[in-house]
Amino acid sequence: MNSDASTEPVVRLSAVRKEYGDSVALDGVDLEIRPGEAVAVMGPSGSGKSTLLNLVAGLDRPSSGTVVVHGDDLGTLNEKGLALFRRRRIGMIFQFFNLLDDLPALDNVALAAQLTGTPAAQARRRALELLDELGIAGRRNTYPAQLSGGERQRVAVARALMNRPALLLADEPTGALDSRAGEQVMDLLLDLNQIGQTLLLVTHDERLATRCASRLIEVVDGRVARERSLESAQ
Ligand code: ADP
Ligand code: MG
């Protein structure tokens with residue numbers, strides 16, 4: 001075991017099992033993600049990919065096994081602790097964006113920091129900076145319904161980055177986008193990873209996965225069936 005803090009994994013899953021009633025969604029998953037890695041999870045529908053992400057995000061708890069993220073053993077946290085963990089340590093983006101329809105882009109992003117106690121003016125300043133970095137500052141006053149899919153996902157990425165998360169999680173982030181917008185979002189994730197953002201991403205699109213991941217994990221029937229390093233591909 002390497003005790004150097006800088007090489008401590010950001011994510012460590014040990015013997016993680018998740019059951020829903022009689023069905024087993026994850027069956028003995030071990031996984032480590034080191035700082036700065038971009039890991040893509042692939043696999044058939046129903047194989048347990050979203051379950052895996054939700055456990056890492058602290059949105060759900062394993063039936064057995066341990067999930068440690070950024071030094072926090074999630075099993076030791078109560079519901080309030082998990083909520084704080086999610087807000088402070090994790091950024092998450094989803095296939096269908098999960099933006100609040102009645103807030104303009106800027107407020108959708110700023111809200112993430114206001115929920116952690118950042119004063120509104122400061123939150124709005126950082127939100128605008130992020131929208132600017134992601135190339136959509138001009139859309140800051142636009143409501144989600146008036147944004148294109150690609151723009152919505154950029155707003156969602158900005159929101160996910162607001163609290164400088166140790167880990168960015170993405171569950172099928174290009175699943176609802178046309179191929180061009182999907183490539184742009186993947187390139188954005190790649191850019192973020194290249195400036196050090198650790199990334200765990202679920203996708204069914206191998207071409208997009210290899211575009212931004214350094215490691216590819218294949219989940220089949222709740223188990224890690226195959227793992228492939230893509231380091232040399234970049
Ligand atoms: P994937 O994201 O790879 O498509 P999921 O992780 O969503 O797969 O699902 C894995 C398995 O767990 C599936 O059989 C699914 O039906 C089941 N499952 C997932 N979430 C729940 C839930 N909240 N309640 C019951 N079963 C669930
Ligand atoms: Mg899924």
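Residue numbers count from 1 along this sequence.
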Q | Step-by-step side chain to side chain contact (heavy atoms under 4.5 Å, CB included) determination, Q153 to Q184 | A | CA-CA 10 Å; Q153 200 58 299; Q184 286 173 348; over 6 Å; no
(Q) Is there a path of hydrophobic side-chain contacts, each under 4.5 Å between heavy atoms of I/L/V/M/F/W/Y residues, joining L74 to V56? (A) yes
Q: Quick one: closest heavy-atom pair of M92 and N54, and the distance?
A: CE-OD1, 3.7 Å
Q. Going by atom types only, do Y20 and D60 share a side-chain donor-acceptor pair under 3.5 Å?
A. yes
Q. Between N163 (side chain) and R87 (backbone), is there a donor-acceptor pair under 3.5 Å?
A. yes
Q) Is a donor on one side and an acceptor on the other found under 3.5 Å between the side chain of T118 and the backbone of Q114? A) no
Q: Please step through side chain to side chain contact (heavy atoms under 4.5 Å, CB included) for the pair L201 and V41, ending with a clear verdict.
A: CA-CA 6 Å; L201 154 91; V41 179; over 6 Å; no
(Q) For the backbone of D27 and the side chain of E19, can you confirm whether one donor and one acceptor N or O come within less than 3.5 Å of each other? (A) no
Q. Where is the tightest heavy-atom contact between M162 and A112, given as atom of each residue plus distance?
A. CB-CB, 3.9 Å
Q) Would you say the side chain of K49 lies within less than 4.5 Å of the side chain of H204, judging by non-hydrogen atoms? A) no
Q.
Test your reading of the model: is there a side-chain donor-acceptor pair from S229 to the backbone of R215, 3.5 Å cut-off?
A. no
Q.
Could you tell me if the side chain of L99 sits less than 4.5 Å from the side chain of R152, heavy atoms only?
A. yes
Q) Less than 4.0 Å between a side-chain N and a carboxylate O, is that true for R211 and D187? A) yes
**Q.** S50 side, atom OG; L169 side, atom CG - distance, nearest 0.5 Å
**A.** 11.0 Å
(Q) Evaluate L199 against E37 for side chain to side chain contact (heavy atoms under 4.5 Å, CB included), listing each step before the verdict. (A) CA-CA 6 Å; L199 196 64; E37 272 198 294; over 6 Å; no
Q. So do R126 and R164 actually touch side chain to side chain, heavy atoms under 4.5 Å?
A. yes
Q: Verify, without hydrogens or angle tests, whether K18 (side chain) and V24 (backbone) share a donor-acceptor contact under 3.5 angstrom.
A: no
Q. Going by an N to O cut-off under 4.0 Å, is there a salt bridge joining R34 and E8?
A. no
Q) Does the side chain of L13 reach to within under 4.5 Å of the side chain of T66, using non-hydrogen atoms? A) no
Q) Under the side chain to side chain donor-acceptor pair (under 3.5 Å) criterion, do D30 and S14 qualify, and how do the steps go? A) CA-CA 5 Å; D30 296 302; S14 310; 4.8 Å; no
Q.
Using a 3.5 Å distance criterion without hydrogens, assess whether the side chain of R139 forms a donor-acceptor pair with backbone atoms of P144.
A. no
Q.
Could you measure the distance from the CD atom of E172 to the CZ atom of F96? Nearest 0.5 Å is fine.
A. 9.5 Å
Q) Is there a donor-acceptor pair closer than 3.5 Å between any side-chain N or O of T174 and the backbone N or O of L177? A) no
Q: Answer yes or no: is there a side-chain heavy-atom contact under 4.5 Å between F85 and I90?
A: yes
Q: Each residue besides L100 in its hydrophobic cluster should be listed here, by chain and number; the cluster joins Ile, Leu, Val, Met, Phe, Trp and Tyr at side-chain heavy-atom distances under 4.5 Å.
A: L103, L111, L115
Q) Below 4.5 Å, heavy atoms only, C-beta onward: do R228 and I217 meet side chain to side chain? A) no
Q. Atom CZ of R88 and atom CG of D72: how far apart are they, to the nearest 0.5 Å?
A. 11.0 Å
Q: Tell me whether M186 is reachable from L188 by hopping between hydrophobic residues (I, L, V, M, F, W, Y) whose side-chain heavy atoms are closer than 4.5 Å.
A: yes
Q) Hey, is R223 close enough to E218 for a salt bridge, meaning N to O under 4.0 Å? A) no
Q. Given the rule in the side chain to side chain contact (heavy atoms under 4.5 Å, CB included) test, do L189 and I93 qualify, once you have shown the distances and angles that lead to the verdict?
A. CA-CA 11 Å; L189 296 178; I93 60 177; 4.2 Å; yes
Q. Looking only at atom types and distance, does a side-chain atom of E32 sit under 3.5 Å from a main-chain N or O of V11, one as donor and one as acceptor?
A. no
Q.
If hydrophobic clusters are built from ILVMFWY residues whose side chains come within less than 4.5 Å, do L106 and L161 share one?
A. yes
Q. Backbone N or O of V219 within a donor-acceptor pair of the S47 side chain at under 3.5 Å?
A. yes
Q.
Which heavy atom of L147 sits nearest to which heavy atom of A105, and what is that distance?
A. CD1-CB, 4.5 Å
**Q.** Side chain proximity check, L52 to L26, heavy atoms < 4.5 angstrom
**A.** yes
Q) Shortest non-hydrogen contact from A209 to L230? A) O-CD1, 4.5 Å
Q) Measuring from T210:OG1 to D205:CG, what's the distance to the nearest 0.5 Å? A) 8.0 Å
Q) Tell me, do V67 and P62 make a side-chain contact under 4.5 Å, heavy atoms counted? A) yes
Q: Could you grab the distance from atom CD of Q146 to atom OG1 of T142, nearest 0.5 Å is fine?
A: 7.5 Å
Q. Can a salt bridge be assigned to the pair E151 and R154 using a cut-off of 4.0 Å between side-chain N and carboxylate O?
A. no
Q: Identify the heavy atoms of C212 and A38 that sit nearest to each other, and give their distance.
A: O-CB, 3.4 Å
Q. Under a 4.5 Å side-chain heavy-atom rule over Ile, Leu, Val, Met, Phe, Trp and Tyr, are L190 and V185 clustered together?
A. no
(Q) To check you understand the geometry: which heavy-atom pair defines the closest contact between P165 and A160, and what is its length? (A) CG-O, 3.3 Å
(Q) I'd like to know if the side chain of R86 reaches the main chain of G58, judged simply by a donor and an acceptor atom lying under 3.5 Å from each other, with no hydrogens or angles considered. (A) yes
Q: Determine whether V10 and L200 fall in the same hydrophobic cluster, where Ile, Leu, Val, Met, Phe, Trp and Tyr are linked whenever their side-chain heavy atoms lie under 4.5 Å apart.
A: yes
